[in-house]
Amino acid sequence: MAARAGFQPCALDTGAAAPMPRWERNLVVAALVVHVVDVGLDLLVVLLFLAHMQWGFFFGTAGVILWAWLVSSLYISFGGGSPAPGDIDDGGVADRLPQFFLNFVQVQIFAEAYRCVFHNGDTDYFHTLRLMEAILESAPNSLVQLYALIVWAGTGDAPEGAGPLLRLSVFASFVSVGLGLAMWEQKVQFRTSSMYVAAVAVMRAFEIASRALTLAIFAGLTHPYGFWWALLIDYGVMLFLIVRHQSVQFTYGLFVALPLVLVSLEPLVWRREDHAVPKDSYYMVRILEFVLMWVLIIHKQDTVDAKVDSSAVWLGCEALALISTLGLYVTLPFVWRIARRHELSRDVADWGEDDANKGLHGHGWNSDSDLSSSGSDRMQDDQDGELPPE
């Protein structure tokens, strides 16, 4: 069987990967377009902040981009996405450095998309790159840019095109996060449907929109320190929940708590015990925080109304925050019900016939920290045991 046989069912008689369904090819193309648009708009926003000397927002947005590109490049070149040291496919640092730089300048994702669409290659690396761009760049930059939209772009000091550019970039970030997390949901499952992936993408887009908009409004009302206090307190809460649940190691929890401040990471189809923070605990915290923040927002509504230059921006963000929150908690129960019917273990080590459709509880080595684990990886690890059903 090929080393990267994909996560679709394999043609066991030939060892070749089954043809990729058309909707998955279309999904890869759509995700690549969203990736290019989102990254391009983020770079334009950086230039906007630089041109108008908004140094706080400039360093915030540029720092997020560099951080995301650096982490994803290191992961693909030297971490979970690279061959193990001493492996026959490991070419050492000489082979890894070019891969690092290609990924850093966003070339690698085009190569992976090309393999998926035109050569029926697997989408392991592509899914991983999209996921990391979504949670490390799109999600935090949506918050930073919404913050800038509220406290700067809506005032007379900003240029006329700042507001539309920021709105477009934030919208692209919301789509990027929804699609990136939905594709990870697809990746960890042996079989899934296009309708389920689409439903998860919509729900996840509502989730990041609700969270980022509410945080940005709260930060605008408590400017300049409320933004940092809100993030720091929420990081502490996430870390506490991770330690209490004890699903991942503490050192990994220190890292995974960062993106959890904005969006829940793990696929909904994973069992409760496999989440760094269980979904029920996570969304209960989000509901509580939403209520507390909106109590303060309503209490200070007179302050918003007094800001004549930016009152329309504030009210627009408030309306969108309420609509996206409603959308999240309307779509979540439906997606959650489907996910429970197809519940999977994070560590799948047995593809027996009786357990193929409900998730298994083996002793596999995959974990939360291995973002590129998929059906293909699990089949490769378990080729000495039972093969997956056709």
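In this structure, W55 and F58 have perpendicular ring planes: the angle between them is above 60°, well past the 30° mark.
In this structure, H223 has its ring center under 6.0 Å from that of Y147.
A donor-acceptor pair is defined here as one N or O able to donate and one able to accept, closer than 3.5 Å; such a pair exists between the side chain of R25 and the backbone of V117. A donor-acceptor contact shorter than 3.5 Å is absent between the side chain of R167 and the backbone of L149.
Judged by the 6.0 Å distance and 45° axis criteria, R340 is positioned over the aromatic ring of W336. Cation-pi geometry between R286 and Y282 is met: the NZ or CZ atom falls under 6.0 Å from the ring centre, inside 45° of the normal.
The structure places CG of L166 at 6.0 Å from CG of L48, a figure rounded to the nearest 0.5 Å. Atom CZ in F227 sits 12.0 Å away from atom CG in L232 (nearest 0.5 Å). Distance check: L268 CG to Y196 OH gives 5.5 Å after rounding to the nearest 0.5 Å. Put simply, NZ on K300 and OG1 on T222 are 7.0 Å apart, with the number rounded to the nearest 0.5 Å. We find the CG-OG distance between D42 and S142 to be 9.0 Å, quoted to the nearest 0.5 Å. Taking CG of L332 as the reference point, atom NZ of K279 lies at 9.5 Å (rounded to 0.5 Å).
Side-chain contact check for S173 and D38: at least one donor-acceptor pair (N or O, by modelled atom type) lies under 3.5 Å. Checking S138 against E133 by side-chain atom types alone, a donor-acceptor pair falls below 3.5 Å. With hydrogens and angles left out, the side-chain atoms of H245 and E273 include no donor and acceptor closer than 3.5 Å. Under 3.5 Å, the side chains of H127 and Q186 contain a donor-acceptor pair of N or O atoms. Between the side chains of E318 and W294, not a single donor N or O lies within less than 3.5 Å of an accepting N or O.
Residue-environment remark: OH (Y235) exceeds the threshold of 12 foreign heavy atoms within 6.0 Å.
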- Message: For a side chain to side chain contact (heavy atoms under 4.5 Å, CB included) check, start with the C-alpha distance between L181 and I135, then their side-chain angles and the critical distance, and finish with the verdict.
- Response: CA-CA 8 Å; L181 290 172; I135 64 175; 4.0 Å; yes
